[in-house]
> 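Mind having a look at this structure? Questions to follow.
Starting from 1, each residue takes its place in the sequence as its number. Basis for what follows: all heavy atoms, side chains included, without hydrogens, waters or symmetry-related copies.
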Amino acid sequence: MGKVVLVTGVARRLGGRFVRRIQREPDVERVIGVDAVPPEHHLGGADFVRADIRHPTIGKLLAEYGVHTVVHMDINGTPLGARGNRASVKETNVIGTMQLLGACQKAPSVQRLVVKSSTNVYGSAPRDPAVFSETTPPKSLPSGGFAKDTVEVEGYVRGFARRRPDVAVCVLRFANILGPCADSPLAEYFALPVLPTVIGYDPRLQFVHEKDAIEVLRIAASEPRRSTLNSGTFNIAGDGVLLLSQAARRLGRPTLPLLLPTLRWARTALRSLGITDFSPEQVRLLTHGRVVATTQMRETLGFEPEHTTAGALADYAHSRGPGLLPPETLARTIDRLAALLPAGAQP
């Protein structure tokens, strides 16, 4: 008999893709997809159960299906599509996680828990270290938004791990996920025709490709391979770092440098127009940036991303089409200007 895997947050594209991928594992007999709304995409041969993890009914599902592995992906920074608001998202992130962990604690069949977290737990501040490891405390705890949600969620997960030491718990702190199907706040920001930035700042950024996100979730939900350990907390990011200015050029997006108060006003305007959810924590990220170490991801978890940070951005850019200033066109224009200038002059 194979194991039963329950996955939350399957109405989002990343959750749906993971459900379709985990079904191909030879030791998986059945996959149960759970969300408060029906997914608009196919889940393959998985069973979909419409349930809100904020309600105690999630415990009945664990008992009814004899769930062995729980993959908690219903932790997000923005509402799904046009549904819900920031308050409902926070309730799902925090209250939903509390209910789910309480149900897991009472379910003797549960032997593995995987939680999709975020590097937002480190925050973004002017005195941050150059690189965060998994054990580096943030200089200042996030005061609100998705970042605070992730801090609270991880606190509840640590409490669960103490109460159920027999359960293998894996927390994956993802950098910003990018790719053709990415629906993260940063993906929405990069889709703007002109990118608002903060005058005087050029933050360092890291990305993880959505395909790599699916693969590392699969590794975390499986039995550990020889010489690896998939219990613990791991930073997940592609190799390399990009400055925001470099990312903008590669996307072909012109930037609009603004004073910080003006950028905050622009954030409110864009949000009220429904163009993008430009949250305060995203403003902090686009001001101070964030870089994490991935040594434990490689040496302990045994995962090597297929895509670098630059590769994830390139695949995202290819799926979105050229921006207002395509890099190739810009390069040809500069070459033509250089040819017209006197020898030794700079364009």
Side-chain angles (χ1 to χ4, degrees), residues 14 77 118-126 128-133 136 146-147 172-213 215-216 234-258 263 276 278-279 281-295 297-298 303-331 334:
L14 189 69
S118 168
T119 56
N120 275 281
V121 296
Y122 301 115
S124 293
D128 281 349
V131 180
F132 283 100
S133 71
T136 307
F146 177 59
L172 302 176
R173 291 175 176 168
F174 286 97
N176 294 283
I177 299 176
L178 283 183
C181 298
D183 59 357
S184 64
L186 194 66
E188 294 179 0
Y189 167 76
F190 281 147
L192 295 173
V194 178
L195 304 182
T197 61
V198 183
I199 288 179
Y201 293 89
D202 197 7
R204 300 174 303 150
L205 303 173
Q206 284 176 307
F207 312 125
V208 55
H209 196 283
E210 56 193 18
K211 290 183 179 178
D212 289 324
E215 179 60 17
V216 74
F234 303 95
N235 293 330
I236 308 297
D239 286 340
V241 174
L242 284 175
L243 297 175
L244 177 57
S245 60
Q246 293 175 315
R249 287 196 296 271
R250 296 183 186 202
L251 290 166
R253 303 290 199 272
T255 58
L256 178 62
L258 302 171
L263 181 61
T276 183
F278 210 176
S279 64
E281 63 231 40
Q282 189 167 334
V283 173
R284 289 190 289 271
L285 176 67
L286 298 177
T287 305
H288 306 295
R290 186 189 309 118
V291 176
V292 298
T294 56
T295 304
M297 176 188 75
R298 290 174 171 79
F303 174 64
E304 289 285 346
E306 181 181 346
H307 301 80
T308 62
T309 285
L313 180 70
D315 201 21
Y316 168 83
H318 179 74
S319 69
R320 299 296 173 119
L324 297 176
L325 297 174
E328 298 81 4
T329 303
L330 186 60
I334 292 175

> Report the residues that fulfil ring pair (Phe, Tyr, Trp, His ring centres under 6.0 Å) with F234, sequence neighbours left out, ordered by chain and then residue number.
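F234: no ring pair (Phe, Tyr, Trp, His ring centres under 6.0 Å) contacts found.
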
> What residues, two or more places apart in sequence or in another chain, satisfy side chain to side chain donor-acceptor pair (under 3.5 Å) together with D202?
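With sequence neighbours excluded, D202 shows a side chain to side chain donor-acceptor pair (under 3.5 Å) to S245, given in chain and number order.
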
> T287: which residues meet the side-chain contact (heavy atoms from CB on, under 4.5 Å) condition with it, sequence neighbours left out?
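Only V198, Y201, L260, V283 meet the side-chain contact (heavy atoms from CB on, under 4.5 Å) criterion with T287.
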
> Taking only residues two or more places apart in sequence, or in another chain, which ones meet T309 in a side chain to side chain donor-acceptor pair (under 3.5 Å)?
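Testing T309 for side chain to side chain donor-acceptor pair (under 3.5 Å), a comparison that skips the adjacent residues, returns none.
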
> Salt bridge (charged side-chain N to carboxylate O under 4.0 Å, His left out) with R290: which residues, sequence neighbours excluded?
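Counting only residues at least two positions away or on another chain, R290 forms no salt bridge (charged side-chain N to carboxylate O under 4.0 Å, His left out).
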
> Donor-acceptor check, side chain of Y316 to backbone of A187, threshold 3.5 angstrom: yes or no?
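Present.
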
> Taking side-chain contact (heavy atoms from CB on, under 4.5 Å) as the test, write out the residues that go with A237, two or more places apart.
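A175, Q206, V292, T294.
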
> Among residues at least two apart in sequence or on other chains, which ones pass ring pair (Phe, Tyr, Trp, His ring centres under 6.0 Å) with F132?
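Result, ring pair (Phe, Tyr, Trp, His ring centres under 6.0 Å) vs F132: Y122.
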
> Using a 4.5 Å cut-off on heavy atoms from C-beta on, say whether the side chain of D212 contacts that of F303.
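Yes - at least one pair of side-chain heavy atoms lies under 4.5 Å apart.
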
> Counting distance only, does the side-chain N/O of S118 pair as donor-acceptor with the main-chain N or O of N120 below 3.5 Å?
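Yes; at least one donor-acceptor contact below 3.5 Å.
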
> For P180, check side-chain contact (heavy atoms from CB on, under 4.5 Å) against everything at least two apart and list the hits.
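side-chain contact (heavy atoms from CB on, under 4.5 Å) list for P180, sorted by chain: H209, E210, D315, S319.
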
> Check side chain to side chain donor-acceptor pair (under 3.5 Å) between E281 and all other residues, then give those that pass, not counting sequence neighbours.
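E281 satisfies side chain to side chain donor-acceptor pair (under 3.5 Å) with no residue once adjacent residues are dropped.
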
> Who passes side-chain contact (heavy atoms from CB on, under 4.5 Å) against Q246, sequence neighbours left out?
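Partners of Q246 by the side-chain contact (heavy atoms from CB on, under 4.5 Å) criterion, ordered by chain and then number, come out as L242, L243, R249.
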
> Just by modelled atom types, is the F190 backbone N or O under 3.5 Å from a matching donor or acceptor in the R253 side chain?
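The answer is yes, because a donor-acceptor pair under 3.5 Å joins these two groups.
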
> Please name all residues satisfying side chain to side chain donor-acceptor pair (under 3.5 Å) with E304, sequence neighbours left out, ordered by chain then number.
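Listed in chain order: R298.
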
> Is there a side chain to side chain contact (heavy atoms under 4.5 Å, CB included) between V194 and L192 once you walk through the steps?
CA-CA 5 Å; V194 178; L192 295 173; over 6 Å; no

> Treating N235 as the side-chain partner and A293 as the backbone partner, does any N or O pair qualify as donor plus acceptor under 3.5 Å?
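Flag set: sc N235 to bb A293 pair under 3.5 Å.
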
> Provide the closest heavy-atom pair for A317 versus R250 in the form atom of the first, atom of the second, distance.
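Taking every non-hydrogen atom into account, CB-O, 4.3 Å.
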
> What residues form a ring pair (Phe, Tyr, Trp, His ring centres under 6.0 Å) with F174, not counting sequence neighbours?
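Partners of F174 under the ring pair (Phe, Tyr, Trp, His ring centres under 6.0 Å) test: none.
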
